[in-house]
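Along the sequence shown, residues carry numbers from 1.
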Amino acid sequence: MKALTPLALLFPLTAAPGLADVLVVDAGGAGSYTSIQDAVNDAAQGDIVLVRGGVYPGSVTIAAQS
């Protein structure tokens with residue numbers, strides 16, 4: 001039986017899918033966004049938009065994506 005090299009053991013780690021990002025919306029500016037719409041616009045499939053408590057004026061539109 002052939003021994004596995006360290007490179008062969010690391011390969012599955014590099015082939016793993018990427019982790020989702022968490023986009024934090026905070027009306028007071030403590031997050032990455034102060035607008036829910038801006039966070040939604042920047043979100044990719046699988047990302048989480050975390051909205052902290054606060055008042056967010058306006059509306060939010062989520063466009064369908066393929």
Side-chain angles (χ1 to χ4, degrees):
M1 180 173 186
K2 189 174 181 179
L4 293 176
T5 64
L7 181 60
L9 294 175
L10 291 175
F11 179 72
L13 297 176
T14 60
L19 299 174
D21 286 332
V22 177
L23 309 177
V24 179
V25 182
D26 186 290
S32 301
Y33 299 88
T34 56
S35 161
I36 298 171
Q37 187 65 62
D38 288 344
V40 168
N41 292 346
D42 285 351
Q45 183 174 349
D47 286 352
I48 298 169
V49 177
L50 174 66
V51 181
R52 293 191 173 150
V55 176
Y56 300 91
S59 60
V60 177
T61 302
I62 301 173
Q65 297 180 4
S66 59

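Listed by first and then second residue, the side-chain hydrogen bond (donor to acceptor under 3.5 Å, both in side chains) pairs that reach into residues 20-36 are Y33-D42, sequence neighbours excluded.
Taking all atoms of both residues into account, the shortest heavy-atom contact from A39 to L23 is O-CD1, 3.3 Å. Closest heavy-atom contact between G46 and A20: O-CB, 2.9 Å.
Not a single side chain to side chain donor-acceptor pair (under 3.5 Å) links D38 to another residue, sequence neighbours left out.
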For residues 52-64, run the donor-acceptor check on the side chains, cut-off 3.5 Å, and write out each pair with its distance to 0.1 Å, sequence neighbours left out.
residue	atom	partner	partner atom	Å
Y56	OH	V25	O	3.4
Y56	OH	A27	N	3.0
Y56	OH	R52	O	2.7

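Cluster annotation: I48 and V51 are assigned to distinct hydrophobic clusters (Ile/Leu/Val/Met/Phe/Trp/Tyr, side-chain heavy-atom contacts under 4.5 Å, transitive).
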